[in-house]
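Notes to accompany the following structure.
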Protein chains: 2
Amino acid sequence: MTIQTRRERERAERERLIVTAARELAEAEGWDAVTTRRLAEEIEYSQPVLYSHFKGKGAIMAAVAVQGCADLAEEMRAARTAAGSAREALAAVGGAYTAFARRRPALYDVIFTLAVDLPFATPEAPPALQDAFGELLQAVLPIAADGEDTGLLTETYWAGLHGLVTLMRSGRLPEEAHEQRLALLIGHFVPPGTS
Amino acid sequence: MTIQTRRERERAERERLIVTAARELAEAEGWDAVTTRRLAEEIEYSQPVLYSHFKGKGAIMAAVAVQGCADLAEEMRAARTAAGSAREALAAVGGAYTAFARRRPALYDVIFTLAVDLPFATPEAPPALQDAFGELLQAVLPIAADGEDTGLLTETYWAGLHGLVTLMRSGRLPEEAHEQRLALLIGHFVPPGTS
DNA sequence: CCGAGTTTCTAGCAGTGCTAGGGATGAGAG
DNA sequence: CTCTCATCCCTAGCACTGCTAGAAACTCGG
C-alpha cells in the first residue's frame with residue numbers, strides 16, 4: 001500500500017512540476033516557446049512522460065489556465081472587498097482584471113483566448129472559473145438597474161473588459177489611454193447617482 | 001514594354017488569386033486548414049510562388065484581413081445610414097458588427113485576433129481599417145455626452161462589441177443570449193433621453 | 001538471484017513554414 | 001534560324017511542431 005501511495009504522490013508531484021514549468025515558461029517567453037520538447041527538457045524527463053499525465057499539450061494548457069484563473073479570482077476578490085462604495089467596487093474589480101491581463105499576459109491568454117477544451121458557461125466548468133465570474137457578479141450586483149438580468153449584465157461588463165484587454169494587447173488599441181477607456185466603460189455601467 | 005506590362009498584370013492577377021483562395025479556404029474550413037501547401041495546390045502553383053508574392057503566410061493573412069475589413073466597413077455603413085435615430089444607428093452598427101463576426105468568423109478572426117503584423121492605431125493603418133473604425137465613430141458621435149472624448153468612447157464601444165463576439169465564439173459565453181447582451185451594452189452607451 | 005510488470009526512453013511519423021539550388025522556358029542578338 | 005542569357009518556377013530539403021509505437025531499463029515479489 002505504502003509503495004503505491006508513494007508512487008502516486010510522486011506522480012502527482014511530477015504533474016504539478018509539469019504545470020508550473022509550463023506556466024513559468026509561458027510567462028517568461030510566451031506560449032510559442034512552450035513546446036513539448038522544451039517542456040520535457042525543463043522537467044528533465046522525455047516527451048512521452050507528458051502524455052502519461054495529460055492527453056496532450058492542450059490539456060496542459062488547460063491545467064495552467066485553471067490554476068491561473070484561481071489567482072485572478074483571488075486578486076479580484078481582494079480588490080472588491082477593499083473597496084468602499086458599489087461604484088468603487090466595480091472599478092476596483094475592473095482594474096484588477098485588466099491589471100492581471102497586462103501583468104501576466106501569457107496566463108490571461110491561456111484562460112481567455114487560447115485553450116478552448118475547457119467547459120465554460122456550464123455547471124461542469126472548473127470552480128476557479130466560476131469563482132472568477134462570481135467575483136465579477138458580486139461587483140455588478142449592486143449597480144444593476146431594476147429589471148436587468150444581473151447574470152447577463154455581468155457577462156456584458158466582462159466582455160467590455162475582455163475587449164479592452166485583448167484589443168490593447170494585440171496592438172489594436174494604444175496602450176496609454178487604457179485607464180481612460182476603462183473609466184469610460186465603468187462610468188457607463190454605473191447608473192448616475194449611485195454612490 | 002507591353003510584354004513587361006502583361007507580366008505584371010499576370011502577376012497581379014495571381015496575387016489576387018492567392019488572397020481569394022486563402023480567404024475562401026479559411027471561410028470554408030478555418031485557418032488551421034490554410035497551409036502553404038494546401039494554398040499552393042489550390043492556386044495550382046508550387047509553394048515557393050507564394051513567397052515571391054508575400055513575405056510569408058502572415059502577409060497573406062494580412063491581405064485577407066484588409067480585404068475583409070473593407071466588407072465589414074461597408075456593411076456597417078449600410079446599417080448606419082439606414083437607421084433613423086442616433087440610438088438606432090448605434091444599435092444598427094453594433095448589430096452589423098456582431099452579425100459580421102458570427103457570419104464570417106474566419107474573416108473576423110484574421111482581422112481582429114490573429115494577424116498582428118498590421119499597423120493599427122496609427123496613420124499608417126490601411127484605409128479599410130480606418131474606414132471600419134470611422135463607421136463606428138460616426139455612430140458613436142451623436143450619443144457622446146459633454147466632455148467625453150469621442151475617439152476613446154468609440155474605442156470603448158468597439159471593445160465591448162469585440163469582447164462579446166470573441167467570448168461567445170470561443171464558447172465562453174452562451175450563444176443564445178447574445179441579442180440581450182448586445183442590447184444591454186447599447187443601452188448603457190446611450191444616455192437616457194436620447195432619441 | 002531471477003522473472004514479471006511497470007516505467008521511461010529512443011526513434012520515428014506526418015505535418016508545419018520556409019528556402020536553396022537547379023532546370024525549363026522564353027526573349028533578344030547575330 | 002540558332003545561340004546566349006535571364007527570368008521564372010519547381011523539386012528537394014531544413015528545422016521545427018505535436019504525438020506515438022516499441023524497445024530498453026528499472027523495480028519489486030517470490
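Residue numbers start from 1 in every chain, and the chains themselves are labelled A, B, ... in the order their sequence lines are given, proteins ahead of strands.
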Where at least one partner belongs to residues 57-74 of chain A, residue pairs that pass side chain to side chain donor-acceptor pair (under 3.5 Å), sequence neighbours excluded = Asp71(A)-Arg104(A)

Using distance only, find each side-chain donor-acceptor pair of residues 119-128 of chain A under 3.5 Å and give its atom names and separation, not counting sequence neighbours.
{"from": "Thr122(A)", "atom 1": "OG1", "to": "Glu124(A)", "atom 2": "N", "distance (Å)": "3.3"}
{"from": "Thr122(A)", "atom 1": "OG1", "to": "Glu124(A)", "atom 2": "OE1", "distance (Å)": "3.3"}

ask   = How large an angle, rounded to 10°, do the end axes of the helix from dC1(C)-dG30(D) to dG30(C)-dC1(D) enclose when each is built from five base pairs?
value = 30°

Can you give me the N/O atom pairs linking the protein to nucleotides 14-17 of chain C at distances under 3.5 Å, or say none if there are none?
{"from": "dT16(C)", "atom 1": "OP1", "to": "Thr35(B)", "atom 2": "OG1", "distance (Å)": "3.4"}
{"from": "dG17(C)", "atom 1": "OP1", "to": "Lys57(B)", "atom 2": "NZ", "distance (Å)": "3.1"}
{"from": "dG17(C)", "atom 1": "OP2", "to": "Thr36(B)", "atom 2": "N", "distance (Å)": "2.8"}
{"from": "dG17(C)", "atom 1": "OP2", "to": "Thr36(B)", "atom 2": "OG1", "distance (Å)": "3.0"}
{"from": "dG17(C)", "atom 1": "N7", "to": "Arg37(B)", "atom 2": "NH1", "distance (Å)": "3.1"}
{"from": "dG17(C)", "atom 1": "O6", "to": "Arg37(B)", "atom 2": "NH2", "distance (Å)": "3.2"}

ask   = For the residue pair Ile111(A) and Gly68(A), what are the closest heavy atoms and their distance?
value = CD1-C, 3.7 Å

ask   = Pairs in or reaching into residues 148-165 of chain B: which pass salt bridge (Lys or Arg N to Asp or Glu O under 4.0 Å), with residues at least two apart or in two chains?
value = Arg181(A)-Glu155(B)

note = Residues passing the ring-ring contact (aromatic ring centres under 6.0 Å, His included) test with His178(A), sequence neighbours excluded, are none

ask   = Quick one: side chain to side chain donor-acceptor pair (under 3.5 Å) partners of Glu175(A), sequence neighbours excluded?
value = Arg102(A)

ask   = Got a sec, which residues hit ring-ring contact (aromatic ring centres under 6.0 Å, His included) with Tyr108(A), two or more places apart in sequence or on another chain?
value = Tyr97(A), Phe112(A), His162(A)

query = In chain order, what residues pass the side chain to side chain donor-acceptor pair (under 3.5 Å) check against Arg37(B), with sequence neighbours excluded?
reply = none

ask   = In whole angstrom, what separates Glu10(A)'s CD from dT6(C)'s P?
value = 17 Å

request  = Quickly work out the Glu41(A) CD to dT10(C) P distance and round it to whole Å.
outcome  = 13 Å

If you look only at distance, which donor and acceptor atoms sit under 3.5 Å apart when one is on a side chain in residues 135-146 of chain B and the other is two or more places apart or in another chain?
{"from": "Glu135(B)", "atom 1": "OE1", "to": "Arg80(B)", "atom 2": "NE", "distance (Å)": "2.8"}
{"from": "Glu135(B)", "atom 1": "OE1", "to": "Arg80(B)", "atom 2": "NH2", "distance (Å)": "3.0"}
{"from": "Glu135(B)", "atom 1": "OE2", "to": "Arg77(B)", "atom 2": "NH1", "distance (Å)": "2.8"}

ask   = Atom OH of Tyr45(B) and atom C1' of dC8(D): how far apart are they, to the nearest Å?
value = 10 Å

note = What residues 13-21 of chain A contributes to the DNA chain C interface at heavy-atom separation below 4.0 Å is Arg14(A)

query = Who pairs with Glu42(B) by salt bridge (charged side-chain N to carboxylate O under 4.0 Å, His left out), at least two apart in sequence or on another chain?
reply = Arg38(B)

